[in-house]
Amino acid sequence: MYRAPRGTSDILPQEQAYWRYVEHRAVRLCELYGYQRIDTPAFEDLGLFSRSIGEGTDIVEKEMYTFEDKGGNQLTLRAEGTAPVCRAYLEHGMHNLPQPVKLYYVAPIFRYERPQAGRYREHYQFGCEALGDSAPALDAEVIDLAWQFFISLGLRRLTLKLNSIGCRQCRPEYLATLKSYYSGHIQKLCRDCKTRLKRNPLRLLDCKQPQCQAVADSAPKSSDYLCPDCEEHFSRLRGYLERLGLPFEVSHRLVRGLDYYTRTVFEIQPESEGAQSTLGGGGRYDDLISELGGRPTPAIGFATGMERIILNLKKQGVTVPALPRPRVFVAYVGDEARDEAVKLAARLRRVGISVIGAVGDKSLKAQLRQANNLAASYAVIIGDEEIKTGKVVLRDMATSEQETITVTQLLERLRSALG
RNA sequence: GUGGGUGUAGCCUAGUGGUUAAGGCGCCAGGUUGUGGCCCUGGAGAUCGAGGGUUCGAAUCCCUCCACUCACCCCA
């Protein structure tokens, strides 16, 4: 028997209400904030991801689904959402549009990782990107959108963490300071941190090992090393967020895993520990578009994992609206009546009444049992007698009351009953 | 990639060396030759994760593999 590949899963009908709920909120909110939807291909050139995410990162080193197609092209399944949007921005000359260009997406992301709660090899991310403006007000808008998104979904007890990790000008000095600080404490570090010191020093700061936390707590802070421009940007952003009433907390130990971030980074976290500790996050990437071959174009974005959101909705007991289902079941008795039932079901659908029609050869009893199991509110029954008189039976499944009426009357009844 | 836990019908569970692997939920059908839910009766559905080994005999013990799951790394 075939099974869904490791780390993938079927989104079954009973799960779809959550998905519809979350995606619908995302779409509504993006429209409210003036973001337009973009859908990019499921795969891109390998280089787009390896160059943007960073050659030294785990995603590029071991987590990408890369393959060669029959034309010899090195292609990679979408490993994250931002780079493809930037590629599309460049490819379609969006710098000629009024800036910033504001785009959003809901799309599957593919990473070859060991699956665990809230982490999958194929998962969906909702993300938005605002390209072409460096104003801190834009940062504030993106963060506000992200925060409102989670709040409007009904999630509670979230924290919004904020930091600035500087730019091309000021970061090198900070990194050097950080490295030399950590070099003095190297014997206290965990094994992972010893390699981080060489490969990705920023990540030293968010190690969860107790012995490393102590070192990280008194480590130099990136916000103390910002150049005047970054300092002003960060301070104005905090001002906006305060004015918007967003409950952010500056965390000097917040860094992000992808190389392209500059200045603003932020994360939204639920209470829970472990793999799903980040519900969503984002930041500025002012150098990414020029690195991809475009003119210098500042930008900021945000992304969140749909599965993690749904996990947290369930954990917090948020109820989501049920998806609409047919409330009318059309049953029949006899071959001739079956043909009439097929016609009647179609006729009801033509006027917008959602129905399930019995098919095959089942007893009326079985048909009604099915109607009951499908939670139909009404059953319409057609039999030989009804065909003779041109009428049908309308049965109210809740009260068991039924009446024999014409099809015209049936339409009226159902229309008023179903609203 | 590292470490732990778990694998018995669609789902939940019993069975820890001995006849045809048991029960519940769900599904199907009958009890009403045109009427659902409750009840009663019956039925279908399991190569006991896979392969190998020990044994007269394995769901049960041993080995290997696989899958699921949780955590780490990393990330949404």
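Residue numbering restarts at 1 for every chain, and letters A, B, ... go by the order of the sequence lines. Fair warning: this is a prediction, and the values are worked out from it, not measured in the lab.
- The P atoms of B/C38 and B/C27 are separated by 9 Å, rounded to the nearest whole Å.
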* Asked: Does the side-chain contact (heavy atoms from CB on, under 4.5 Å) test come out yes or no for A/R37 and A/D39, once each step is laid out?
  -> CA-CA 7 Å; A/R37 181 158 185 147; A/D39 290 289; 3.3 Å; yes
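- Nucleotides B/A58 and B/A21, compared at atom P, are 13 Å apart to the nearest Å.
- Put simply, A/R6 has a side-chain N or O that comes within less than 4.0 Å of OP1 or OP2 on B/C68.
- Taking atom C1' on both B/G15 and B/C72, the two are 36 Å apart, rounded to the nearest angstrom.
- Checking B/C65 for Watson-Crick or G-U wobble geometry (two distances, each under 3.5 Å) identifies B/G49 as its partner.
- Residues A/C207 and A/Y112 both approach RNA chain B. Their nearest nucleotides, taken by heavy-atom distance, put A/Y112 toward the 5′ side.
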Donor-acceptor list for residues 157-167 of chain A side chains, cut-off 3.5 Å, not counting sequence neighbours:
unit_1, atom_1, unit_2, atom_2, d
A/R157, NE, A/E271, OE1, 3.0
A/K161, NZ, A/Q269, OE1, 3.3
A/N163, ND2, A/S251, O, 3.2
A/N163, ND2, A/H252, O, 3.4
A/N163, ND2, A/L254, O, 3.0

* Can you give one letter per nucleotide of nucleotides 26-36 of chain B, going 5' to 3': B for a protein heavy atom under 4.0 Å from the base, S for sugar-phosphate only, - for none? -> -S-SSB--BBB
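- A gap of 31 Å separates the P atoms of B/G3 and B/A59, to the nearest Å.
- Residue contacts for A/Y120: at a heavy-atom cut-off of 4.0 Å it reaches a base atom on one of the strands shown.
- In this structure, A/R78 fails the cation-pi test against A/F110, since its NZ or CZ atom is not both closer than 6.0 Å to the six-membered ring centre and inside 45 degrees of the ring normal.
- Here the separation of B/U60 from B/A9, taken at their P atoms, is 14 Å to the nearest Å.
- For A/R196, a side-chain nitrogen or oxygen approaches OP1 or OP2 of B/C74 to under 4.0 Å.
- For A/Q116 and B/U69, the shortest distance from a side-chain N or O to OP1 or OP2 is not below 4.0 Å.
- Spacing between B/G18 and B/C61 at atom P, rounded to whole Å, works out to 11 Å.
- The residue A/R256 sits close only to the backbone: its heavy atoms come under 4.0 Å of sugar-phosphate atoms, none of a base.
- Rounded to whole Å, the C1' atom of B/G17 lies 9 Å from the corresponding atom of B/U55.
- Atom CD of A/E336 has 12 or fewer heavy atoms from other residues, nucleotides or ligands within 6.0 Å.
- Within the nucleic acid shown, A/R203 comes within 4.0 Å of sugar-phosphate atoms alone, with no base atom in reach, counting heavy atoms only.
- Distance from the side chain of A/R111 is smallest to B/C75 among B/A71, B/C75, B/C68.
- A cation-pi arrangement is present between A/R238 and A/F234, with the terminal nitrogen or guanidinium carbon under 6.0 Å from the aromatic centre and inside a 45° cone about the axis.
- Residue-to-nucleotide contacts include a donor-acceptor pair under 3.5 Å from the side chain of A/R308 to the base of B/C75.
- In this structure, A/E80 and A/Y260 have side chains that are in contact, with non-hydrogen atoms separated by less than 4.5 Å.
- Centroid-to-centroid, the aromatic rings of A/Y65 and A/F43 stay 6.0 Å apart or farther.
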